[in-house]
Q: 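One structure coming up, written as structure tokens, with questions to follow.
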Amino acid sequence: MTTTETAKTVKAFKPNIYQGHSFWRAAWRAITRKVSRVIGFLIIVMFTLMAIVGPYLYPKELPIDPNNIYAPLSWKYPLGTDFEGTSNLALIITGARYVLLAAALGALFTVIFGTVLGLIAGYFIGWSDSVIMRITDFFLTVPSFPLLVVLSTVWNFGHPLAMGFILGITSWGGMARAVRSQTLSLRERGFIEAARGLGLSPFYILFREILPNVSSYIGMNLLTSITGCIYAEVGLFFLGVVPFHVNNWGVMLNMAVFSAGAMSSPDALPYLLSPLLALLLLTLGIVLFLDAVDEIFNPRLREDI
Amino acid sequence: MKDFLIRLVWRIFSGLIMVLAVASLTFFLVRMMPGDPVSAQYNQLIMQGMTPVQAENQVRVMYGFIPDEPLGEQFVHYIWSMLHFDFGQSISYEGIGVSHIILNAAPWTLILVFTGLVASFLIGVLAGVMAAIKRSSPFGTSLTVSGSLLHGIPQFVMGLLLAYLFTTLWPILPFGAPYDSSIDPGFNWPFISSLISHAVLPVVTYALSSYGGWLLTMKSSVITVLGDDFILASEIRGLKSSTRVGYIAHNAILPLFTLFTLSIGFMFGGSVFIENIFDYPGLGNLLVKAIDARDYPLMSGTFLLITIAVIVANIITDFLYSVVDPRIRR
């Protein structure tokens with residue numbers, strides 16, 4: 001290629017001008033770039049819809065059918081029935097709300113606690129940093145699942161908000177540490193020094209200057225925290241250490257394994273496999289979609305703006 | 001050498017502080033509990049016709065403190081007996097010391113966690129190197145996909161699936177209990193083989209649930225090292241490719257040690273699920289049983305021992321790291 005040709009191609013390059021909705025457009029483009037991402041996105045949308053409208057599709061007390069206890073898969077009962085003859089599909093759909101809402105709140109709390117503490121520790125350094133990091137080390141070291149099990153003896157998990165709060169409390173450690181280390185390197189950069197020189201308040205600098213720069217990391221973590229929270233809460237219900245207030249996937253697993261003996265009696269198998277299937281499908285959706293999220297939030301991976 | 005000793009002392013000291021913090025957490029948790037189990041136990045003993053002094057002694061043996069004392073003194077008594085490795089007496093296993101019960105359960109958990117950790121580390125690291133070197137071939141891609149899928153599946157789902165597949169659908173492995181109860185325990189082949197065959201499924205569950213993490217981290221670490229100048233230099237000098245893979249692996253494995261810390265906590269935490277699913281008599285199973293039976297002294301003791309195990313394992317990992325990586329010793 002000669003120099004003039006190169007010059008021509010350089011001239012021909014027209015940068016995309018920033019438009020109001022370019023973030024959403026870029027996000028959409030990132031999702032539709034691969035089939036796997038579209039599948040992941042659709043699975044997540046399906047579960048979100050299930051959580052929002054699911055409970056309205058069925059009467060408050062799910063109908064029981066004593067003639068069809070542990071019925072096999074059929075058109076009437078696509079996932080079979082449980083020990084009372086209630087449709088497993090209905091149980092999965094109505095149970096999604098508590099599970100997903102608590103997980104979303106848990107992830108939100110994780111991200112808020114982790115980000116705020118990480119920002120403060122990394123920006124102010126000194127004693128606040130050492131105090132916060134000692135607390136972080138404590139929460140990172142104490143195995144969080146046994147801690148949750150122990151806390152379940154005093155905490156009432158009936159409301160998704162209560163569940164989300166406790167999930168957030170036990171899992172913000174890794175997030176705080178990562179945000180702190182990013183803040184530590186950002187605070188030495190020129191634009192932060194300029195902001196400090198201008199006499200802007202530390203809180204302005206923290207939330208308007210530094211926070212946008214760590215937002216890509218936060219976005220990625222929000223999604224991975226949701227999966228972590230789903231597993232932790234379903235696990236708590238599965239172990240049966242939490243009183244069963246509402247029907248959800250963990251309660252189904254617990255009843256199937258420890259009451260219905262689904263491991264040894266093939267009749268009860270659909271009852272065990274339906275919540276497992278729901279969890280695996282959601283995992284698959286999130287794993288496939290994470291790839292797109294990585295590209296949306298990490299500008300270096302983006303092919304066009 | 002002096003620095004090394006100072007670091008060791010400091011790590012052990014901060015580990016002790018952490019144990020103390022967990023002990024205080026469980027102490028105040030039991031006090032905060034709805035219905036105050038300690039006072040309830042005390043009142044129940046009085047109702048059974050004990051004198052207040054007898055009841056007080058009994059409660060003291062069980063919980064390590066007396067309900068009528070001021071909170072501060074209770075706390076000091078509790079910590080004091082804990083320093084003597086006395087975690088009180090179990091309520092559900094009547095009259096047996098908590099320390100006796102948890103020391104019997106601990107080896108099962110330690111063996112499972114340790115074997116699972118080593119197995120997943122070795123397989124994950126090897127697969128990670130393969131996935132990085134063959135990353136543009138279908139083989140490499142499928143390794144990576146297997147890693148991220150297994151990484152995403154929660155431990156209890158994995159455990160339930162494996163238990164269903166290999167004990168019900170194809171009953172090739174035994175389910176539950178650490179060994180066949182019809183065999184006399186002893187150092188003989190039938191007993192050992194029964195021990196191993198019962199441990200296979202829990203260990204495989206542990207290994208599969210953390211294999212993905214090792215694979216993905218090792219892969220990205222190897223890809224970073226592949227771009228280093230010394231790899232290019234060794235290629236130009238015409239070193240054998242097996243020698244080069246050795247160089248790459250040695251340098252790429254170092255960042256994985258920081259992951260060890262998180263992994264150990266994850267494994268011990270997972271014992272709650274895995275031991276429950278396979279009905280294995282370790283610490284995680286004990287913790288859930290203690291909570292079901294509202295046996296608070298046993299619950300506190302088990303939780304504390306799980307935490308101590310994680311803290312000790314972390315300290316050991318930290319020092320192994322400084323032995324393996326000469327750069328951080330400076």
Side-chain angles (χ1 to χ4, degrees), chain A residues 36 134-135 137-156 170 173-174 224 227-228 230-232 234-236 238-242 249-250 253-254 256-258 262-266 269 272-273 275-280 282-288 290-291, chain B residues 14-15 17-18 21-22 25-26 28-34 37 145 148-149 151-157 160-161 163-164 167-169 175-176 261-262 264-273 276-277 283-284 287-288 290-292 294 296 299-300 302-304 306-307 309-311 313-314:
Chain A
S36 64
R134 285 295 85 74
I135 301 173
D137 280 345
F138 177 78
F139 276 99
L140 274 177
T141 311
V142 175
S144 64
F145 199 79
L147 180 63
L148 273 176
V149 172
V150 168
L151 284 178
S152 74
T153 52
V154 287
W155 191 266
N156 178 3
T170 50
T224 39
T227 54
I230 292 178
Y231 304 154
V234 173
L236 272 181
F238 163 63
L239 287 178
V241 290
V242 181
W249 303 347
L253 277 179
N254 176 282
V257 174
F258 299 112
M263 293 305 238
S264 46
S265 72
L269 200 63
L272 168 72
L273 289 184
L276 285 187
L277 195 72
L279 279 170
L280 287 178
L282 188 59
T283 307
L284 182 72
I286 289 174
V287 167
L288 293 177
L290 258 182
D291 181 36
Chain B
S14 52
I17 297 280
M18 213 169 267
V22 175
L25 179 85
T26 52
F28 287 109
L29 212 64
V30 173
R31 302 292 311 168
M32 264 164 51
M33 236 158 246
V145 171
S148 33
L149 277 181
H151 189 53
I153 297 176
Q155 278 170 323
F156 59 93
V157 174
L160 285 174
L161 284 177
Y164 172 67
T167 63
T168 309
L169 198 60
F175 177 79
T261 321
L262 292 174
I264 290 165
F266 177 73
M267 294 288 233
F268 275 100
S271 70
V272 176
F273 293 121
N276 234 282
I277 291 169
L283 289 173
L287 183 65
V288 175
I291 288 175
D292 279 345
R294 300 275 167 248
Y296 297 116
M299 177 196 85
S300 312
T302 315
F303 180 59
L304 204 65
I306 293 179
T307 320
V310 173
I311 291 171
N314 280 351

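Letters go in sequence order (proteins before strands), and every chain restarts at 1. In this text the structure is predicted, and so the values were computed from the model without any measurement.
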Q: Taking side chain as C-beta onward, heavy atoms only, is A/V149 less than 4.5 Å from B/M299?
A: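 No, every pair of side-chain atoms sits at 4.5 Å or beyond.
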
Q: So, do B/I17 and A/F138 sit near enough that their side-chain heavy atoms are less than 4.5 Å apart?
A: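 They are not in side-chain contact.
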
Q: Quick check for you: among A/V142, A/L239, A/L273, which has the greatest number of heavy-atom pairs under 4.5 Å with chain B?
A: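 Winner by heavy-atom pair count: A/L239.
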
Q: Which one of B/G269, B/S271, B/A21 has the most heavy-atom pairs closer than 4.5 Å to chain A?
A: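 Option with the top pair count is B/G269.
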
Q: Report the option among B/N276, B/I264, B/T302 that has the most heavy-atom pairs separated by less than 4.5 Å from atoms of chain A.
A: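 Ranked by heavy-atom pairs under 4.5 Å with chain A, first place is B/N276.
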
Q: Quick check on A/L290 against chain B: is it the side chain, the backbone, both or neither that has a heavy atom closer than 4.5 Å?
A: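 For A/L290, no heavy atom lies under 4.5 Å from chain B.
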
Q: Heavy-atom pairs under 4.5 Å with chain B are the metric here; pick the option from A/G235, A/P275, A/G240 that has the most.
A: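 Max contact count across the listed options: A/G235.
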
Q: Is there a side-chain contact (heavy atoms from CB on, under 4.5 Å) between B/F156 and A/L253? Walk through the geometry before answering.
A: CA-CA 10 Å; B/F156 59 93; A/L253 277 179; 3.7 Å; yes

Q: Begin with the C-alpha distance, continue with both residues' side-chain angles, and end with the deciding distance and a verdict on side-chain contact (heavy atoms from CB on, under 4.5 Å) for A/L147 and B/F303.
A: CA-CA 8 Å; A/L147 180 63; B/F303 180 59; 3.6 Å; yes

Q: Rounded to the nearest 0.5 Å, what's the gap from CZ on A/F145 to CG on B/L287? Could you check?
A: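 A/F145 atom CZ to B/L287 atom CG measures 9.5 Å (nearest 0.5 Å).
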
Q: Report which part of A/L280 has an atom under 4.5 Å of a heavy atom belonging to chain B: side chain, backbone, both, or neither.
A: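 Only the side chain of A/L280 comes within 4.5 Å of chain B.
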
Q: If I take atom NE2 from residue B/H151 and atom OG1 from residue A/T283, how far apart are they, to the nearest 0.5 angstrom?
A: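 The distance works out to 11.5 Å.
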
Q: Decide yes or no for B/L25 and A/V150: does some side-chain heavy atom of the first lie under 4.5 Å from some side-chain heavy atom of the second?
A: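 Answer no - side chains too far apart.
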
Q: Counting only non-hydrogen atoms closer than 4.5 Å, does A/T141 touch chain B with its backbone (N, CA, C, O), its side chain (CB onward), both, or neither?
A: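 Contact with chain B: backbone and side chain both.
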
Q: Are the side chains of A/V234 and B/P154 in contact, using a 4.5 Å heavy-atom criterion?
A: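 SC-SC contact between B/P154 and A/V234 ruled out.
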
Q: Tell me, out of B/V22, B/V288, B/L29, who's got the most heavy-atom pairs with chain A below 4.5 Å.
A: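 Top count of heavy-atom pairs under 4.5 Å with chain A: B/L29.
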
Q: For B/V157 and A/F238: C-alpha separation, side-chain torsions, deciding distance, then whether side-chain contact (heavy atoms from CB on, under 4.5 Å) applies.
A: CA-CA 10 Å; B/V157 174; A/F238 163 63; over 6 Å; no

Q: Can you measure from OG (B/S148) to CD1 (A/I286) and round to the nearest 0.5 angstrom?
A: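 Between B/S148 OG and A/I286 CD1, I get 13.5 Å after rounding to 0.5 Å.
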
Q: Look up atom OH in B/Y164 and atom CG in A/L272, then write down how far apart they are to the nearest 0.5 Å.
A: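 Answer for the OH-CG pair, B/Y164 versus A/L272, is 8.5 Å.
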
